[in-house]
Amino acid sequence: MAKNLLIVESPAKAKTIEGYLGSDFLVKSSYGHIRDLVKTDDAIDTENKFKQKYEVPSDKKAVVSELKKLAKEAETVWLASDEDREGEAISWHLFDTLGLKEDKTKRIVFHEITKPAILKAIESPRKIDYNLVNAQQARRVLDRLVGFELSPVLWRKVKPSLSAGRVQSVAVRLIVERERDINKFNAEASFKIVAIFNTGKARESFKAELPQRFAKKDEAEKFLNDCIEAAYSVTNLEKKPAKRNPSAPFTTSTLQQEASRKLGYSVARTMQVAQRLYEAGHITYMRTDSVNLSDTAIQGAQDEILKAYGEKYHKKRQYKTKSSGAQEAHEAIRPTYFANHSISAEPSEVRLYELIWKRAIASQMSEAEFEKTVAKIAVSTRNEELTATGEIMKFDGFLKVYMESLDDDQDNTLDDDTDNTLLPPLEVGQSLNLTEMTATERFSRPPARFTEASLVKKLEELGIGRPSTYAPTISTIQNRGYVVKEDRDGKPRDYKVLTLSSGSVAEVTKTEMTGVERNKMFPTDIGVLVNDFLVEHFKGIVDFNFTAKVEREFDEIAQGNKEWTDMLENFYRPFHHEVEDTLENAERASHERELGVDPVSGKPVSVRVGRFGPLVQIGAQDDEEKPVFASLRKGQMIETITFEEAMELFKLPKKVGEFEEKEMTVAIGRFGPYIRHNSAFYSLPKGLDPLDVTQEQAIEIIKEKRQKDIEKIIRVFDENPEAQIENGRWGPFVRFGKQNLKIPKGTDVNAITYADVLKWAEEDPKAPKSKTAGKTTKSPSKKTGAKKTTAKKSSTKTATKKK
DNA sequence: CAGTGAGCGAGCTTCCGCTTGACTT
């Protein structure tokens, strides 16, 4: 048996480290935390120094008993969890739960998984740092108290099953407030002047712009008119060098942002793919807030850059973290081997790997060098000067491999399409010919809505949440129904363009789409309702600086300058008082709004959140005649819907006639307007107003859809017409009655036999097999099905609950 | 004795951070 048992948090890490150490060491993983507060309300005794009740959750029982056994057999147990607050607590929980002995236990730490780093760590073991452990307990207890006292307030005052917490409630607040900022934003129009000049020589035309804009069309028109007779000349030429530095290698948050911008991945997808890369040994750990690279990594990157691009492209760089809450227990995210420019894996993994490789390599490369030229151009009839800028790259440096994308909101002042292109050779005093000049009406832009990734960025800036929780938090606030991620169509908007060419000024009106959104975060009515309630009654908790404030106190605890129970005492007493006070005195939260009076019935029209979501209602609850209801549609909210929009909702669903002796109904659903006929759904073509659909049009749409469905069928099996091969959205699949079957990779579609279909149908996990057989459980909840292996545990749990 | 108001029933939901599978859709 091994003399030494070394415990780390991640099994992939354990495997790597085992390779570095000799056979004297057995390396195992705790799979993160092994203990947590019990789920019940008595987990913390607030009257008795916040004494906690911990338990080993059922899915950790096996790990704990194995570690216990191995620890007993080992001479020395090395606790090698991460070097941060949570890691220290994991070590302490292991020490306590496994029943380790003080003299047989050593605590070690390392920030990078390299052989020298580990050997060095083993040479300098220490004891568990109980100040750090206490800081973690304070964090854990505070989060539980906040979450488990606030949530029940919401159940009572808003709706059951809702949740609130230090992190999620602030995330929702950010989205709600951004939405309000956008709603109250007034776009201001101004006219932007762009001129195209030429020097008289072929292919030597370029663009210049007036730095200032005109607020009024008249002013812009006057400028263009003044320019008809004007002469133009270069008054000033300035050339200056510019440099651009590469970004630091990825952290969890920056990886999520770039994968979102460049690859269109959700934050959850990014983490899933990164996890696979990590487990396959392609990249270092993906949950990190550090931009630091190990010495071996810096050397590895240097070797690769010298080999692939030459010395001129290399520059050794050390990065420092910007976010204050960072705990830096790991390295930055980087490829394990810089020599692998790419890997062979699933396409999603390859793309993410290449992104990580490029970013890490670029971070050790030299800066890109530019020469920027700014030319000022005088207009003889006006005082203003036009500006032309050109930029040429003198040396590409890191741009040879990597160029970071910009956020939408990094350029939100005014619509802009300044492209820095090449200028022809110019001289001061040189006169220029005007090819064309335009004055285009542009509008100031509202603040950008959050994407999942830009929300993560904001949370990180505020020090809220950790790398391991960004993705789950984003999921939670969507699962609770506080926010939705969706597309919005936007509205057309007219703008004017004045053009001066061939000596006269002409005006045209053009149309652009505004407010088009893709994959953005929008608050729901329930999200707004909960947020406003929390902001009104628990301002301190949903304050953007709350986390930063308590983090400072956690740091003091970690340094041994503060008692963790004192800190909690100071926080909890007033907080709990607010909870009690709110439960007792606060009104039920409601956002009911009266919109007006229905001209037909003379009854009031109002909007509110109902059992199944936001609704409009004509008539009052206590009327003799029952009120009429309609649900709000995608994009409509209680706060902003108008009387006219609300009344429109009652016009649908609408019958549009009969076809094949069945009624046709037009309505708007989750995916847009549709016709329902004989329990089948037919989408309306874009641009057709559902209110205008005639019987003839509806029949036409149904027939067209049927025809298209027929065209999708590749083959029908002779043995059974219910079985057919169809062309689907992602390629061919087999339709077998109500089952949709995947065709296994590499199968020749033409060679599929009916026997194959029967076999696949049998193997299909979704197959509607004999469900009723054998299952006699009284509570058919999701959990009972999922936890077959832990039947024992659930029985003990119910037993403890009874007492 | 009838009507009214208050309380109870009986079980559920929920936090944040650290880790992977094992599930279903």
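Every chain is numbered from 1 and lettered A, B, ... according to where its sequence line falls, protein lines coming before strand lines. Only heavy atoms go into these numbers, but all of them, side chains included; no hydrogens, no water, no symmetry mates.
Heavy atoms of A:Gly32 sit under 4.0 angstrom from at least one base atom. The residue A:Arg480 sits close only to the backbone: its heavy atoms come under 4.0 Å of sugar-phosphate atoms, none of a base. Residue A:Pro11 is classed as a sugar-phosphate contact, given heavy-atom separations below 4.0 Å to backbone atoms only. Within the nucleic acid shown, A:Gly87 has no heavy atom closer than 4.0 Å to any nucleic acid atom. Heavy atoms of A:Val146 sit nowhere under 4.0 angstrom from any nucleic acid atom.
Where A:His330 and A:Leu162 each meet DNA chain B at their nearest nucleotide, the meeting point lying more 5' is that of A:Leu162. When each of A:Ala12 and A:Ala164 is assigned the nucleotide of DNA chain B with its nearest heavy atom, A:Ala164 is the one assigned upstream, toward the 5' end.
The side chain of A:Asp143 lies closest to B:dC16 when the candidates are B:dC16, B:dT20, B:dC15. Closest to the side chain of A:Asp82, out of B:dT19, B:dT14, B:dT20, is B:dT19. For A:Tyr285, whose side chain is taken as the heavy atoms from C-beta onward, the closest listed nucleotide among B:dT20, B:dG17, B:dT14 is B:dT20. Comparing B:dC15, B:dT13, B:dC18 against the side chain of A:Asp84 picks out B:dC18 as the nearest.
Checking the phosphate oxygens (OP1, OP2) of B:dT20, a side-chain nitrogen or oxygen of A:Ser10 falls inside 4.0 Å. Of the side-chain N and O atoms in A:Thr469, one or more sit less than 4.0 angstrom from OP1 or OP2 of B:dG17. The phosphate of B:dC18 (OP1 or OP2) has a side-chain N or O of A:Ser468 nearer than 4.0 angstrom. Between A:Arg144 and B:dG17, a side-chain N or O to OP1/OP2 separation shorter than 4.0 Å is absent. Contact check, A:Tyr470 against B:dG17: no side-chain N or O comes under 4.0 Å of OP1 or OP2. Residue A:Arg139 places no side-chain N or O under 4.0 Å from the OP1 or OP2 atom of B:dC15. Residue A:Arg156 places none of its side-chain N or O atoms closer than 4.0 Å to OP1 or OP2 of B:dT13. A close approach under 4.0 Å does occur between a side-chain nitrogen or oxygen of A:Ser163 and OP1 or OP2 of B:dC15.
The aromatic ring of A:Tyr31 does not stack onto the base of B:dC18, failing the criterion of a centre distance under 5.5 Å from the six-membered base ring together with planes under 30° apart. Applying the 5.5 angstrom centroid cut-off and the 30 degree plane-angle cut-off, the aromatic ring of A:Trp155 is not stacked upon the base of B:dT14.
Geometrically, A:Arg166 does not engage A:Phe546 in a cation-pi contact, judged by NZ or CZ lying under 6.0 Å from the ring centre and within 45° of the ring axis. A:Arg480 forms no cation-pi arrangement with A:Tyr482, by the criterion of a distance under 6.0 Å to the ring centre and an angle within 45° of the ring axis. Annotation: cation-pi pair A:Arg107/A:Trp92 absent, no NZ/CZ under 6.0 Å from the ring centroid and within 45° of its normal.
The separation between A:Gln275 atom CD and B:dT19 atom P is 9 Å, rounded to whole Å. Between the C1' atom of B:dC15 and the CD atom of A:Gln136 lies a distance of 13 Å, rounded to the nearest Å. Taking atom CZ of residue A:Phe546 and atom C1' of nucleotide B:dC15, one finds them 12 Å apart after rounding to whole Å. If you measure from atom CG of A:Asp59 to atom C1' of B:dC23, you get 13 Å, rounded to the nearest angstrom. The separation between A:Lys15 atom NZ and B:dT20 atom P is 12 Å, rounded to whole Å. Look at CZ on A:Phe148: it is 9 Å from P on B:dT13, rounded to the nearest Å. Atoms CG (A:Asp36) and P (B:dT20) sit 17 Å apart, rounded to a whole Å. Between the CZ atom of A:Arg85 and the P atom of B:dC18 there is a distance of 8 Å, rounded to whole Å.
Ring-plane geometry between A:Phe533 and A:Phe538 is classed as tilted, the angle between the planes lying from 30 to 60 degrees on a 0 to 90 degree scale. Classification of the A:Trp78-A:Phe25 ring pair by plane angle, with boundaries at 30° and 60°, yields tilted. Between A:Tyr54 and A:His93, the ring-plane angle classifies as perpendicular under the 30° and 60° cut-offs. Relative ring orientation between A:His330 and A:Tyr285 is described as tilted, the plane-to-plane angle lying within the 30° to 60° band. Taking the six-membered ring where the residue is Trp, A:Phe575 and A:Phe571 present parallel rings, their angle staying beneath 30° rather than reaching 60°.
Of the listed residues (A:Glu18, A:Glu9, A:Glu66), just one forms a salt bridge (Lys or Arg N to Asp or Glu O under 4.0 Å) with A:Lys28, and that residue is A:Glu66. For the side chain to side chain donor-acceptor pair (under 3.5 Å) with A:Arg573, the qualifying choice from A:His577, A:Glu569, A:His576 is A:Glu569, the only one to do so.
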Open item on the list: Protein within reach of the bases, or only the backbone? For nucleotides 5-10 of chain B, mark each nucleotide 5' to 3' as B, S or -, using heavy atoms under 4.0 Å.
Closed with: ------
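A:Arg466 contributes no side-chain N or O that forms a donor-acceptor pair with the base of B:dC18 under 3.5 Å.
Within the model, atoms NZ of A:Lys549 and CZ of A:Arg552 stand 8.5 Å from one another, a figure rounded to the nearest 0.5 Å. To the nearest 0.5 Å, atoms CD (A:Gln168) and CD1 (A:Ile464) are separated by 12.0 Å.
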Task: Pair assignment for DNA chain B - dot-bracket with | for other-strand partners, Watson-Crick or G-U under 3.5 Å - done: .........................
